[in-house]
Number of protein chains: 2
Amino acid sequence: MPGIDCSVCAVRDSAACASLRPDERAALARLGHHRVYERGETVFAAGDPQDVCATLTQGLLKVSHHDEQGHERILSLVHPSGFVGELFSPLIRHDVIALARSTVCVFAWADYEAAIEQHPALARALLRRAAEDLYTARAQIALDGRRSAAARVAGLLLSLSHAASPSPCHGAVQFDLPVNRGELATLLGLTIETVSRQFGRLERDGLLRRHGTRGVELLDTARLEQLAA
Amino acid sequence: MPGIDCSVCAVRDSAACASLRPDERAALARLGHHRVYERGETVFAAGDPQDVCATLTQGLLKVSHHDEQGHERILSLVHPSGFVGELFSPLIRHDVIALARSTVCVFAWADYEAAIEQHPALARALLRRAAEDLYTARAQIALDGRRSAAARVAGLLLSLSHAASPSPCHGAVQFDLPVNRGELATLLGLTIETVSRQFGRLERDGLLRRHGTRGVELLDTARLEQLAA
DNA sequence: CGTATGGTTGAGGTAATTCAACCTGTGTGG
DNA sequence: CCACACAGGTTGAATTACCTCAACCATACG
């Protein structure tokens, strides 16, 4: 059942397609369709031909890489209004997997590409998004190199706190981690045990309070930022 | 002395502006100018207002981040035909510094932005480049996490070998490293000593031969790739 | 009640860092 | 021409931090 009703879309003002005029968007919407993925389901698999792309409207996705030994590394989290899909490569390069029940707005790449050609504003919106993703990826690189486990965990907590907050300028004080310990570990390039120990340490040092396994409350963001430096 | 002669430009077929028609490009060229930076000179500094952007025509740049302790992390190398400049942020986010004598083709961001608006092909070319940069950054993240020093050094050698080769499909066997040991270290998130030891080990194991401090000859790319896995 | 999944905690091993000394080539000044 | 300083690079010994392996705990679910 193709066709999408944008008027009820949660990300209608923030996704790339928000750059289109209502009638232009409506025309694009007729070419797309919604799809729901349960936690753990694969949205795109590395190596597949690149023939679709999508905007995430609800939920959470991960972009991840599996090395030859089967170890996974999460390269990026995709939040609602994020765009997924290879832009110019014939093959999908990384797996995209749902971390929570997620709804995506899917388009055939050919249709989307035509829309990009036809609507320069859409190309610019995607460019803006790609630039933002690039910045995020580089922030991750900066977080990774020569940094202690404590710094990485602190940095990730702060970034998740911002992602969990509705406001762009300050992060949420109390929120639920969107992922389990194992996923935190592959996101940080650490082991589950190390992450767990760091959480214990942060709680013991009074920077953090845990509410169950997923809930966290940041008690001293200043010191967290100092740690993450 | 503004104005650039694109007909003698080394990257006229590969840079983003190659997507423009000759007359369109000529119009853009009249708004830009060349600038040469010596090794160590800063092209853009983090925190500066974002008012210019540039295409690298010759040489090598690094994009790097300095943390509070002054430790540097190289986030990316920029090779000729690469584009540098913040696309949509009012502030420059990372330092851009010349690693070798470099020539860049500089534009006021306002002029370039106008060109993007006017020429959709330019926006698409930049989008393509941003997507490529994003992929490179994510490859770096994949290389970083939970990987041994040997794997990182091997991975970097292979990637530098490809960058040094004129052909896109296979890397150079013998080439000069574009950076010194310290820069290799900050590129990899390791210490100078560790990088040095890894080079020694690779040579001892017959994967590599060193010619002076910068020259390297890859003797067994298959095993290097295996190491980097 | 038993099992599975996710999480925490502990002991021991290992790889990279730190600190330090030493080497090598280059340029400078006596 | 030699002495010297200096920067970049290598090598060694000791330390540290994370990983590995293993046991144990908590919660959810059939």
Side-chain angles (χ1 to χ4, degrees), chain A residues 38-40 62 67 69-74 99-100 143-157 160 176-205 208-216 227-228, chain B residues 38-40 62 67 69-74 99-100 143-157 176-205 208-216 227-229:
Chain A
E38 299 300 327
R39 171 174 172 83
K62 65 177 172 186
D67 64 19
Q69 286 89 54
H71 290 304
E72 178 188 18
R73 176 77 209 251
I74 298 182
L99 284 175
L143 195 66
D144 274 15
R146 79 181 278 89
R147 271 194 162 66
S148 67
R152 295 196 206 186
V153 171
L156 185 62
L157 278 171
L160 290 176
D176 279 351
L177 299 171
V179 293
N180 63 24
R181 290 290 182 277
E183 284 155 346
L184 284 180
T186 61
L187 202 41
L188 291 167
L190 298 171
T191 58
I192 294 182
E193 296 94 323
T194 300
V195 172
S196 178
R197 276 185 257 267
Q198 291 302 327
F199 270 81
R201 203 166 173 341
L202 286 173
E203 188 161 42
R204 191 158 46 71
D205 293 352
L208 182 80
R209 187 174 299 146
R210 280 181 280 187
H211 299 285
T213 60
R214 291 290 185 96
V216 289
L227 258 185
Chain B
E38 300 300 328
R39 171 172 171 84
K62 66 177 172 185
D67 63 19
Q69 287 89 55
H71 290 304
E72 178 188 21
R73 176 76 210 251
I74 298 182
L99 285 175
L143 195 67
D144 275 14
R146 81 182 275 88
R147 269 192 164 69
S148 67
R152 295 195 206 186
V153 171
L156 185 62
L157 277 172
D176 278 351
L177 298 171
V179 294
N180 63 23
R181 291 289 182 278
E183 284 156 345
L184 283 180
T186 61
L187 202 41
L188 291 166
L190 298 170
T191 58
I192 294 181
E193 295 94 323
T194 300
V195 172
S196 179
R197 275 185 257 268
Q198 291 302 326
F199 269 81
R201 202 164 173 342
L202 287 172
E203 189 161 42
R204 190 158 47 72
D205 294 352
L208 181 79
R209 187 174 300 146
R210 279 180 281 187
H211 296 110
T213 60
R214 289 291 185 94
V216 289
L227 258 184

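All heavy atoms count here, side chains included; hydrogens, waters and symmetry mates do not. Throughout, protein chains are lettered first and strands after them, A, B, ... in sequence-line order, and every chain is numbered starting at 1.
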Report each atom pair, protein N/O against N/O of nucleotides 11-15 of chain D, whose distance is under 3.5 angstrom.
unit_1, atom_1, unit_2, atom_2, d
D:dG12, N7, B:Arg197, NH1, 2.9
D:dG12, O6, B:Arg197, NH2, 3.3

Are A:Thr191 and D:dC19 close enough that a side-chain N or O sits under 4.0 Å from OP1 or OP2? yes

Please report the distance, rounded to the nearest Å, between NE2 in A:His71 and C1' in D:dT20. 11 Å

Could you go through the side chain to side chain contact (heavy atoms under 4.5 Å, CB included) check for A:Val216 and A:Leu160 one step at a time? CA-CA 11 Å; A:Val216 289; A:Leu160 290 176; over 6 Å; no

NE2 of B:His211 versus P of D:dG9: gap in Å, rounded? 17 Å

Please report the C-alpha distance between A:Phe199 and A:Thr213 in whole Å, then the side-chain angles of each, then the deciding distance to 0.1 Å, and finally whether the side chain to side chain contact (heavy atoms under 4.5 Å, CB included) criterion is met. CA-CA 10 Å; A:Phe199 270 81; A:Thr213 60; over 6 Å; no

Euclidean distance, atom CZ of residue B:Arg147 to atom P of D:dC19 [Å, nearest integer]: 14 Å

Please give, in whole Å, the distance from D:dC18 P to A:Phe199 CZ? 15 Å

Hey, mind stepping through B:Leu202 and B:Leu227 against side chain to side chain contact (heavy atoms under 4.5 Å, CB included) and telling me if it holds? CA-CA 10 Å; B:Leu202 287 172; B:Leu227 258 184; 3.8 Å; yes

Integer-rounded Å distance: D:dA17 P and A:Leu188 CG: 18 Å

Calculate the interatomic distance between B:Gln198 atom CD and D:dG9 atom C1'; express it in whole Å. 15 Å

Heavy-atom nearest pair, B:Leu188 first then B:Arg152, reads O-NH1, 2.6 Å

C:dG7 P sits how many Å from A:Glu203 CD, rounded? 15 Å

Enter the distance from B:Leu177:CG to B:Glu183:CD here, rounded to the nearest 0.5 Å. 11.0 Å

Does CZ belonging to A:Arg209 count more than 12 external heavy atoms closer than 6.0 Å? no

Side-chain atoms of A:Arg214 come closest, of C:dG7, D:dG9, C:dA16, to C:dG7

Take atom CZ of A:Arg201 and atom C1' of C:dT9, then tell me their distance rounded to the nearest Å. 15 Å

CZ/A:Arg214: more than 12 non-hydrogen atoms of other groups inside 6.0 Å: yes

Select one nucleotide: of D:dG8, C:dA16, C:dT8, the one nearest the side-chain heavy atoms of A:Arg181. C:dT8

